[in-house]
Amino acid sequence: MDLVKIKQIAFETMGSKSSHTWKEKGNKYYHGQRTANLIKFLRMQILPDDSNYDQILTVAAWFHDIKNGDIDHAEKGAIKVRSILGKYCTEIELENICRIIGRHDDRYSDRSSFSVYEKIHQDADHLDHFGTFDIWQAFIYTVGHGHTFVDVIDWLKNTRPTQDQKYRDELNFKISKEIYDEKAAFVRFFGDRMSIEGNGGIWNAEEIIDSMKGCND
Ligand SMILES: [Fe+2]
């Protein structure tokens, strides 16, 4: 496959759009690029000697959310990708790319029929929504929906942690769950610090005061 050309098509179709009015321009183009990189990392850990599907996984990642924002976006995305990449892939490549896209959002039914490649895609896609991205989304959602600074702190401190178990359970591989745990710990830390600074407090105030002892400046 001509990945340079296909990436250019991804940018032309998604680079200046957003999936929701309150989300940033190009959100699903950049999410697709990050997902492809996360897939590379996970594939190297899970299937270190199998690079056979790397190009399929990369193209599926770039385009998987092309119809995000629509109902049944995964199935509609697969149909859309079939229509725009037909000239650039073989029938078998297109079949594999569209199968990944069409089922990527099914995290709830029995996934025993899903291939390891589909599961790697699912985990990479999911993991891109957590950590710093959790915080980014919380901020833009707040502005786009007329909520307040205090609402963000409340969400980070009280709502977001209640979702951890659900999101963790939706991941397919142990390494994905470990990555999730690390990202979730960062978000909890950020929420703790924001709840202090958001009330005019100083993070680690006592340590700062201690470090000043004996200093006359
Ligand atoms: Fe996605």
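Whatever order the structure lists them in is the order used to number ligands and atoms, beginning at 1.
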Contacts of the Fe ion (ligand 1) with protein N/O/S atoms, counting only those under 2.8 Å: H31 NE2, H64 NE2, D65 OD2, D125 OD1
Flag for H31-D125: side-chain donor and acceptor within less than 3.5 Å: yes
Any donor-acceptor N/O pair, D128 side chain to A124 backbone, under 3.5 Å: no
Test applied, salt bridge (Lys or Arg N to Asp or Glu O under 4.0 Å); reference residue, E118; option that passes from R103, R99, R111, R107: R103
Donor-acceptor under 3.5 Å (D70 side chain, H73 main chain): no
Donor-acceptor contact present, side-chain N27 to main-chain S19, <3.5 Å: yes
Qualifying residues under ring-ring contact (aromatic ring centres under 6.0 Å, His included), relative to F190, sequence neighbours excluded: none
